[in-house]
Amino acid sequence: MSEESAVLHFSIDGIATITLNRPEVHNAFNEELIERLGDMFEDVGKQDGVRAVVVAAAGKSYCAGADLNWMKRAAGFTEEDNREDSLALGRMLKNLHAIPKPTIALIQGPAYGGGLGLVAACDIAIGVTAAKFCLSEVKLGLLPAVISPYVVEAIGIRACRRYFLTAEVFDAEEAYRLGLLHVLVDDVHKLAEARDVILAQIGGNAPGAMADTKDLIYTVAGRPIAQEVINETAHRIAARRKTDEAREGIEAFLEKRKPSWKLS
């Protein structure tokens, strides 16, 4: 594997796999990795040929959060320096969250701090039962600020009030119960199999419809079911029914054939 902090691989069926590649420091974030991931997420999000994005990690840990050497340097930063540093992390997570294609986190080991934020920013998370999770910022006199929108969205306010404040380690079973993980496997070698099951489901769906569906979720989430929302959702489905994808999908269903976008 390359010595780069993160590597990108494209499969022939349009799956982009981004692998955190700093196993010697448990894939902890530093400036280079954050910038590289931010650029990768932005790039794959714009590529028409990409059908789904997998975010994986090399070594025993998924991501340990902040790199210790990075934290040491940050101790000498001005407030403005720290703001710019945090904005880079914010850009990276926002670029992942905003990818208009399904995103899948493959968690083969511990995910702490910012690493847990990375999991929360993905649409779907598959993890091994041995994985551990922790939001440890308050132990260091810090707070999980930049990752908080994604973690609150993933596990809810009530769970965050516990795990943000206690900084306790919780296991994969609890992560599954909270909704942070969607699929549990008992062995790291079964991650690929679970990933492929999800990818097979995704491969049967219309790419444009999935992109519009992700946008729909972000649009209606947290809003009261008022006439404004009803009108907007009616407009969206009316517009979608007129697309080439919708025509192809309905015709394929009626003709009992595979739609043109279906993989394999």
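Values in this document were obtained by computation on a predicted structure and should not be read as measured data. Hydrogens, waters and symmetry mates play no part in the numbers below; they use all other heavy atoms, side chains included.
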Just verifying a value: how many Å separate D67 CG and H26 NE2, rounded to the nearest 0.5 Å? 11.0 Å
Heavy-atom closest pair (P23 atom, G59 atom, distance to 0.1 Å) is CB-CA, 3.9 Å
Examine the side chains of N205 and Q201 and answer whether a donor and an acceptor come within less than 3.5 Å of each other. no
Does atom CG of D48 have more than 12 heavy-atom neighbours from other groups under 6.0 Å away? no
Using the rule given for side-chain contact (heavy atoms from CB on, under 4.5 Å), can you reason through L118 versus L20, listing the C-alpha separation, both sets of side-chain angles and the distance that settles it, and then say yes or no? CA-CA 11 Å; L118 200 66; L20 281 64; 4.0 Å; yes
With I126, which of V197, V119, L106 fulfils side chain to side chain contact (heavy atoms under 4.5 Å, CB included)? L106
Answer yes or no: is there a side-chain heavy-atom contact under 4.5 Å between C160 and I155? yes
Please find the pair of heavy atoms, one from V55 and one from Y62, that lie closest to each other, and give the distance. O-OH, 3.1 Å
Counting heavy atoms not belonging to R161, are there more than 12 under 6.0 Å from its CZ? no
Which atom pair, heavy atoms only, marks the closest approach of A172 to L184? CB-CD2, 3.7 Å
Do the non-hydrogen side-chain atoms of I202 and R51 ever get within less than 4.5 Å of each other? no
Could you check if a side-chain atom of I147 sits within less than 4.5 angstrom of a side-chain atom of E137, using non-hydrogen atoms only? yes
Around E31, counting heavy atoms of other residues, nucleotides and ligands shown, do more than 12 lie under 6.0 Å from its CD? yes
Atom SG in C63, atom CG in L37: separation rounded to 0.5 Å? 8.5 Å
Evaluate salt bridge (Lys or Arg N to Asp or Glu O under 4.0 Å) for R177 paired with E173, printing each intermediate quantity in order. CA-CA 6 Å; R177 187 188 71 81; E173 292 284 351; over 6 Å; no
For E255, does the CD atom sit with more than 12 other heavy atoms under 6.0 Å from it, leaving out its own atoms? yes
For A57 and N27 the tightest heavy-atom approach is CB-ND2, 3.6 Å
Common cluster, M210/I15, ILVMFWY with side-chain heavy-atom separation under 4.5 Å: yes
Atom pair OH/SG of Y150 and C122 - distance to nearest 0.5 Å: 11.5 Å
To the closest 0.5 Å, what do you measure between CD (E32) and OG (S5)? 4.0 Å
Take atom CG of L140 as the centre, draw a 6.0 Å sphere, and report whether it contains more than 12 heavy atoms from other residues, nucleotides or ligands. yes
Nearest heavy-atom approach of K242 to R247 is O-NH1, 2.8 Å
By side chain to side chain donor-acceptor pair (under 3.5 Å) - contacts of R236 (at least two apart): D215, T219, E232
What about L93 and L8, same hydrophobic cluster or not, with Ile/Leu/Val/Met/Phe/Trp/Tyr joined at side-chain heavy-atom distances under 4.5 Å? yes
Non-hydrogen side-chain atoms of F41 and I99 separated by less than 4.5 Å: yes
Is there a side-chain contact between L181 and F133, using heavy atoms and a 4.5 Å cut-off? yes
Does CD belonging to E80 count more than 12 external heavy atoms closer than 6.0 Å? yes
Between Q108 and S61 (side chain of the first, backbone of the second, donor and acceptor by atom type, cut-off under 3.5 Å), is there such a pair? yes
Please check if atom CZ in F164 has more than 12 non-hydrogen atoms from other residues, nucleotides or ligands closer than 6.0 Å. yes
In terms of heavy-atom contacts, does CD1 of I157 have more than 12 from other residues, nucleotides or ligands at under 6.0 Å? no
Could you go step by step and tell me if I107 and V128 meet the side-chain contact (heavy atoms from CB on, under 4.5 Å) rule? CA-CA 6 Å; I107 302 99; V128 296; 5.9 Å; no
Contact check, side chains of N30 and N69, non-hydrogen atoms, under 4.5 Å: no
Is it true that L191 and L199 fall in one hydrophobic cluster, defined by side-chain heavy atoms closer than 4.5 Å? yes
Donor-acceptor pair, R22 side chain versus A28 backbone, under 3.5 Å? yes
Rounded to the nearest 0.5 Å, the CD1 atom of I124 sits from the CZ atom of R195 at a distance of 13.0 Å
Can you name the residues that form a side chain to side chain donor-acceptor pair (under 3.5 Å) with E168, not counting sequence neighbours? R162, T166
Is any side-chain heavy atom of P207 closer than 4.5 Å to a side-chain heavy atom of E245? yes
A side-chain contact here means heavy atoms from C-beta on lying under 4.5 Å apart; do K214 and T103 qualify? yes
Honestly curious: do L96 and Y112 fall in one hydrophobic cluster under the side-chain, below-4.5 Å linking rule? no
Do V53 and V183 belong to the same hydrophobic cluster, where Ile, Leu, Val, Met, Phe, Trp and Tyr are linked whenever their side-chain heavy atoms lie under 4.5 Å apart, directly or via other members? no
Report the C-alpha distance between I34 and D85 in whole Å, list the side-chain angles of each, state the deciding distance to 0.1 Å, and finish with yes or no for side-chain contact (heavy atoms from CB on, under 4.5 Å). CA-CA 10 Å; I34 288 171; D85 207 45; over 6 Å; no
What's the shortest heavy-atom distance between N21 and A58, and which atoms? OD1-CB, 3.8 Å
Roughly how far, to the nearest 0.5 Å, is the CZ atom of R241 from the OG1 atom of T243? 11.0 Å
Just by distance, no angles: are the side chains of S11 and D13 close enough, under 3.5 Å, to form a donor-acceptor pair? yes
Are any of the side-chain nitrogens in D39 or R91 under 4.0 Å away from the carboxylate oxygens of its partner? yes
Determine, step by step, whether Q227 and I230 satisfy the side-chain contact (heavy atoms from CB on, under 4.5 Å) criterion, reporting the C-alpha distance in whole Å, the side-chain angles of both residues, the deciding distance to 0.1 Å, and the verdict. CA-CA 5 Å; Q227 192 61 46; I230 294 168; 3.8 Å; yes
In plain terms, say whether R257 and E248 are close enough for a salt bridge, that is, a side-chain N and a carboxylate O under 4.0 Å apart. yes
Using modelled atom types only, decide if a donor and an acceptor are shared between the side chain of S136 and the backbone of K139 within a distance under 3.5 Å. no
